[in-house]
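For reference, the structure discussed in these notes is given below.
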Amino acid sequence: MSLPVTDTVADAEIRQVDTLIIGSGFAGLGAAIRLSQAGKDFLMLERASEVGGTWRDNTYPGAACDVPSNLYSYSFALNPGWTRSFSPQPEIQAYIRSVADRYDVRRRTVFGCDVQTARWNTTTHRWDVATTRGKYSAKVVISAVGALCEPSLPDIEGISGFEGEIFHSARWNHDADLAGKRVAVIGTGASAIQIVPAIAGTVGRLDVYQRTAPWILPRFDREYTAPERFAFRHIPGFQRLSRALQYTARETQVVGLAKAQAFMKPLELAARIQIRRQIRDKELRRKVTPNYGIGCKRMLISNNYYPALDRPNVDLVTDGIARVTPRGIVAKDGTEREVDAIVVATGFHVTDSPTFAGIFGKDGRSLAEVFDETGMRGYKGSSVAGFPNLFFLVGPNTGLGHTSMVYMIESQLEYVVDAIRTLDRNRIGTVEVREDVQDEYNRDLQRALRSSVWNNGGCASWYLDKHGNNTTLWPGFTFEFRRITRRFDLEAYRSVAESDLPV
Ligand code: N01
């Protein structure tokens, strides 16, 4: 059964659907395509007016991918049209839109539909989902909201009283004309190091507030040559072979990140050489040199960030921020720097995403309450005990520090779509991962992570939750994750047949 998507839904009407997908980024869109191919009934809910997720939202100047283009497409929809080895944001967003068109999923997407709550109904054994565009009842919910979707704003004294322009990197205000203005960028993560060089030449003055120096490697970005582009388009298997080689090369980094940090020394050396070559000023070199193991925070790539810091109109401020005044920022050494605009490039709520507060499981507790107690734990990044028939894409411990998330997403799609097939085939009403299975899975994960650079590289990062556990990253090779998600393992779940569900 497929429901037509209408523009308005009367509040009293509850629309029944087999599967609801929340979010239409790489993960949600992939789920929609796979469910559509499997002939399943589903709707995708999207709070914005377009597909794309993080690649739709992050439109800041200089936004580009730090994973090679060839690894940044679905395996079932390769993109022979990439123009560069590392794609700029508009090209990735255009690709995602084109895939949505090609697989005709927009007609099964409700745009402008913000999910407010999803509540497991213990009477109907379905999810009650309340949105800004009406109510839904679904047998299965797939949360595909992404890990990097909720901007994290810094809790700095006085920041709400700033009278100039202020916006987060993921909510860039394109109406704000920064040309010739005095601008501050707070943060030096992946977003900031792309923004800084993109605006340094046009703003009047730029203050970059660094709390922790990032490790930055050279970015081997170039335009694809005409023969390469011809080969991508016309030589069967060429792009797949190129992907396979790149994947393999990247996978070797896992050894250094998760197992033996000595393997990271050559990368650290390359990063140090880049600092020496690109920065003349010794004091600035000292300030940008990290004091923790490379890979502990996400390794960044850039050829133009250090040269931008070296410009006469750019200041790297490392004294820490004491407070924000209506006209500027006061550093901890007491110096006030007046600015016309502040760009807040301070990252996202990941292990404490506000989206968790709106999902209520079988005992009425929200995911936020559960995670607050246990940490952001799940099973195979896809299920959480206490939350029947709820699947996550890009869930706990599925993130990567070294290669393309699209590979992990496709692994999870296989698992979740197989779960839905299994439910249908066996007339199963509900599945819920067993707590003992989830516990053992997490014990193994945390054991594997203990020796990793992310856990003991000497830094604080968004990979770790407030308990100090790494609940974001997958510690192994990505093909190991693919292996464990190849089929839905019903034996790891408590299941109830449709006919046995109490009415
Ligand atoms: O955010 P971040 P991001 N006062 O959390 C600082 C992906 N991504 O948006 O390091 C002062 O990395 C914080 O300092 P510290 C990628 O996975 C991918 O840059 O915590 N500073 C840090 O410098 C990435 O990891 C691409 O000490 C404060 C910065 O703000 C993820 O998105 C491109 C502060 C936040 O860095 C997030 O990157 C862009 C405070 N109160 C992003 N609070 C690709 O190319 C935080 N900071 C694929």
Side-chain angles (χ1 to χ4, degrees), residues 18-20 22 31 118-128 138-144 351 356 359-399 408 411-450 465 467 469-476 480-502:
D18 287 351
T19 301
L20 271 184
I22 307 174
R119 227 173 256 282
W120 179 250
N121 185 320
T122 49
T123 308
T124 61
H125 310 285
R126 293 170 66 88
W127 284 96
D128 292 339
K139 177 175 177 180
V140 171
V141 168
I142 299 177
S143 170
T351 55
F356 299 152
I359 303 178
F360 299 88
K362 66 173 192 193
D363 63 2
R365 290 205 306 160
S366 73
L367 202 51
E369 289 170 271
V370 173
F371 283 169
D372 192 52
E373 195 179 298
T374 65
M376 189 177 75
R377 283 164 16 118
Y379 177 62
K380 298 189 176 178
S382 308
S383 316
V384 175
F387 294 79
N389 292 13
L390 174 66
F391 294 103
F392 293 87
L393 298 174
V394 194
N397 291 100
T398 56
M408 295 297 272
S411 302
Q412 283 202 280
L413 290 178
E414 195 62 37
Y415 187 77
V416 173
V417 173
D418 193 40
I420 292 171
R421 276 205 208 97
T422 306
L423 260 70
D424 290 354
R425 195 172 47 233
N426 300 305
R427 297 193 177 284
I428 295 171
T430 64
V431 282
E432 180 197 343
V433 68
R434 286 167 31 200
E435 273 192 36
D436 60 318
V437 173
Q438 180 173 287
D439 286 348
E440 191 185 338
Y441 178 80
N442 280 280
R443 259 196 307 275
D444 290 348
L445 262 183
Q446 292 307 325
R447 197 174 305 126
L449 282 159
R450 211 168 294 148
D465 68 11
H467 306 283
N469 290 324
N470 186 333
T471 53
T472 53
L473 295 185
W474 171 248
E480 289 174 329
F481 187 73
R482 172 118 340 159
R483 185 179 53 74
I484 66 163
T485 49
R486 185 140 280 155
R487 66 167 193 93
F488 179 65
D489 43 352
L490 186 57
E491 62 279 10
Y493 290 73
R494 255 193 307 271
S495 60
V496 182
E498 278 173 5
S499 54
D500 291 340
L501 285 177

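A salt bridge links R377 and D439; the closest N-O separation between the charged side-chain nitrogens and carboxylate oxygens is under 4.0 Å. Contact check on R421 versus D424 returns no salt bridge, with no Lys/Arg side-chain nitrogen under 4.0 Å from an Asp/Glu carboxylate oxygen.
Side-chain contact between V384 and L390 is absent, with no heavy atoms from C-beta onward closer than 4.5 Å. Side-chain contact between F481 and Q412: present, with at least one pair of heavy atoms (C-beta onward) separated by less than 4.5 Å. In this structure the side chain of L367 reaches within 4.5 angstrom of the side chain of F387, judged on heavy atoms. Two residues are said to be in side-chain contact when any heavy atoms from C-beta on lie closer than 4.5 Å; N389 and W120 meet this criterion. Contact of the V496 side chain with the H125 side chain is not registered, since no non-hydrogen atoms from C-beta on lie closer than 4.5 Å. With contacts defined as side-chain heavy-atom distances shorter than 4.5 Å, the pair I428/L490 qualifies.
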Practice problem: Test E440 against D436 for side chain to side chain contact (heavy atoms under 4.5 Å, CB included), laying out the working first. | Solution: CA-CA 6 Å; E440 191 185 338; D436 60 318; over 6 Å; no
Self-check item: M376 vs T472, side chain to side chain contact (heavy atoms under 4.5 Å, CB included): CA-CA, chis, key distance, verdict
Solution: CA-CA 8 Å; M376 189 177 75; T472 53; 4.0 Å; yes
Self-check item: Test side chain to side chain contact (heavy atoms under 4.5 Å, CB included) applied to F391 and S383, step by step
Solution: CA-CA 5 Å; F391 294 103; S383 316; 3.8 Å; yes
Self-check item: Worked check of side chain to side chain contact (heavy atoms under 4.5 Å, CB included) between V437 and Y379
Solution: CA-CA 8 Å; V437 173; Y379 177 62; 3.5 Å; yes
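Surrounding CD of E480 are more than 12 heavy atoms belonging to other residues, nucleotides or ligands, all under 6.0 Å away. The environment of CD in E498 is crowded: more than 12 heavy-atom neighbours from other residues, nucleotides or ligands sit within 6.0 Å.
D372 is linked by a side-chain hydrogen bond (donor to acceptor under 3.5 Å, both in side chains) to K466, counting only residues two or more places apart in sequence or in another chain. Judged as a salt bridge (charged side-chain N to carboxylate O under 4.0 Å, His left out), and not counting sequence neighbours, R427 has no contacts.
For D418 (side chain) and E414 (main-chain N/O), no donor-acceptor pair under 3.5 Å exists by modelled atom type. For E432 (side chain) and G386 (main-chain N/O), a donor-acceptor pair under 3.5 Å exists by modelled atom type. Here the side chain of D18 pairs no donor or acceptor atom with the backbone of V140 at under 3.5 angstrom.
Taking the six-membered ring wherever Trp is involved, the centroid distance between the rings of Y493 and F488 falls below 6.0 Å.
Here the rule is side-chain hydrogen bond (donor to acceptor under 3.5 Å, both in side chains) with K380, and of T398, N397, T485, D489 only D489 fits it.
Pairs passing the salt bridge (charged side-chain N to carboxylate O under 4.0 Å, His left out) check and including a residue from residues 381-393, sequence neighbours excluded, do not occur.
A donor-acceptor contact under 3.5 angstrom links the side chains of E369 and S366, judged on distance only.
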